[in-house]
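Throughout, residue positions are numbered sequentially from 1 according to the sequence presented. Small disclaimer: the values here were computed from a predicted structure and weren't measured.
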Amino acid sequence: FQANATSVFTINTGTGVFVDVPGLSVTFTSDGSPVRISSTLNYYSNSTHGFRFVVDGTPRPDFSESSTYNNQTTTLEDYLTGLTTGSHTIKLQAYSYGGLQIAPYGTGSWYYGGESLNSQSLQVLQFHAIPGVGPAVDVYQATATNQFSTFAGAGAFVDVPGLSVTFTS
């Protein structure tokens, strides 16, 4: 399932006040299988801003960042398990302290540079069970509970506390 917005969207909502991104809402019928939600955005922001998915009116954790004063492309992703069978609506919301502009592919806006054919889109992918076999996917997830900073230096990698998953395949 996919929704695509067709026009440039500019917001200035104030701290943490989320609004729906026009055109980025998907309603689908679930069979209870796990679902992957993703959105690819081309945008410019001159202040702190954030995005989040909302499932049946309930917000998911947000993706917030400080301004870089640059044109950016990002892909947001989340997985849902435990959805009941039936109809569900998923939408994308955004906020900005002082200004955020999202530009879809091909709008001819000041930002568009051809980065993504899926820019300003929302995709919902459901993993249906395979008859006689079982689930088509198992979802394992870890969530960090504390802020984390590192100054490890160029090319140095460090483990992020709380973000490891152990599973048996």
Side-chain angles (χ1 to χ4, degrees), residues 1-45 47-68 72-105 116-130 134-149 160-167:
F1 309 97
Q2 179 166 315
N4 294 296
T6 58
S7 61
V8 173
F9 178 59
T10 303
I11 61 171
N12 179 2
T13 64
T15 307
V17 178
F18 283 89
V19 296
D20 295 348
V21 177
L24 296 189
S25 178
V26 171
T27 299
F28 68 102
T29 301
S30 172
D31 64 4
S33 298
V35 171
R36 174 186 173 261
I37 308 167
S38 65
S39 185
T40 301
L41 303 170
N42 291 334
Y43 61 95
Y44 174 85
S45 178
S47 66
T48 299
H49 57 277
F51 306 99
R52 72 179 179 192
F53 298 114
V54 176
V55 180
D56 298 329
T58 303
R60 301 287 293 167
D62 67 272
F63 305 86
S64 292
E65 61 185 3
S66 297
S67 173
T68 61
Q72 299 178 65
T73 299
T74 193
T75 298
L76 313 170
E77 186 171 272
D78 197 1
Y79 288 87
L80 302 173
T81 58
L83 278 178
T84 58
T85 58
S87 180
H88 296 279
T89 299
I90 299 174
K91 58 186 172 181
L92 183 73
Q93 292 185 329
Y95 82 88
S96 172
Y97 278 102
L100 172 69
Q101 187 171 46
I102 305 169
Y105 178 83
S116 174
L117 286 172
N118 284 326
S119 176
Q120 204 167 339
S121 66
L122 171 65
Q123 298 93 27
V124 177
L125 175 66
Q126 184 169 258
F127 297 94
H128 297 285
I130 300 170
V137 64
D138 291 318
V139 178
Y140 299 90
Q141 181 170 314
T143 303
T145 57
N146 296 313
Q147 185 174 356
F148 173 71
S149 298
V160 177
L163 293 184
S164 65
V165 175
T166 302
F167 65 96

Problem set entry | Criterion side chain to side chain donor-acceptor pair (under 3.5 Å) against Asp78, the qualifying member of Arg36, Arg52, Arg60 | Arg60
Exercise. Between Ser47 and Gly99, is there a donor-acceptor pair closer than 3.5 Å when you use the side chain of the first and the backbone of the second?
Worked result: yes
Seminar exercise, completed: All heavy atoms of Leu83 vs all of Ser30, minimum pair found to be CB-OG, 4.1 Å
Exercise. Is it true that Phe51 and Phe63 have ring centroids separated by less than 6.0 Å?
Worked result: no
Exercise. Would Thr89 and Thr27 satisfy side-chain hydrogen bond (donor to acceptor under 3.5 Å, both in side chains), going step by step from the backbone distance to the final call?
Worked result: CA-CA 4 Å; Thr89 299; Thr27 299; 2.9 Å; yes
Seminar exercise, completed: ring pair (Phe, Tyr, Trp, His ring centres under 6.0 Å) with His49: of Tyr43, Phe18, Tyr97, only one passes, and it is Tyr43
For this session: Under the side-chain hydrogen bond (donor to acceptor under 3.5 Å, both in side chains) rule, what do Gln123 and Ser39 come out as? Steps first, then yes or no, please.
Result: CA-CA 6 Å; Gln123 298 93 27; Ser39 185; over 6 Å; no
For this session: Evaluate side-chain contact (heavy atoms from CB on, under 4.5 Å) for Ile90 paired with Phe28, printing each intermediate quantity in order.
Result: CA-CA 9 Å; Ile90 299 174; Phe28 68 102; 3.6 Å; yes
Exercise. Taking atom CD of Gln126 and atom OG of Ser33, what is their separation to the nearest 0.5 Å?
Worked result: 5.0 Å
For this session: Hey, could you give me the OG1/CG distance between Thr40 and Leu122, rounded to the nearest 0.5 Å?
Result: 10.0 Å
For this session: List the atom of Ser66, the atom of Thr48, and the distance in Å for their closest heavy-atom pair.
Result: CA-OG1, 4.0 Å
Exercise. Quick one: CZ on Phe127 to OG1 on Thr81, what's the gap to the nearest 0.5 Å?
Worked result: 12.0 Å
Seminar exercise, completed: When every non-hydrogen atom of Val124 is compared with those of Val35, the smallest separation belongs to CG1-CG1, 3.3 Å
Exercise. Roughly how far, to the nearest 0.5 Å, is the CD1 atom of Ile37 from the CG atom of Leu92?
Worked result: 10.0 Å
Problem set entry | side-chain hydrogen bond (donor to acceptor under 3.5 Å, both in side chains) against Asp20, all qualifying residues, sequence neighbours excluded | Lys91, Gln93
For this session: Would you please name every residue forming a side-chain hydrogen bond (donor to acceptor under 3.5 Å, both in side chains) with Asp62, sequence neighbours left out?
Result: Ser64
Problem set entry | CG-OG distance between Leu76 and Ser38, expressed to the nearest 0.5 angstrom | 8.5 Å
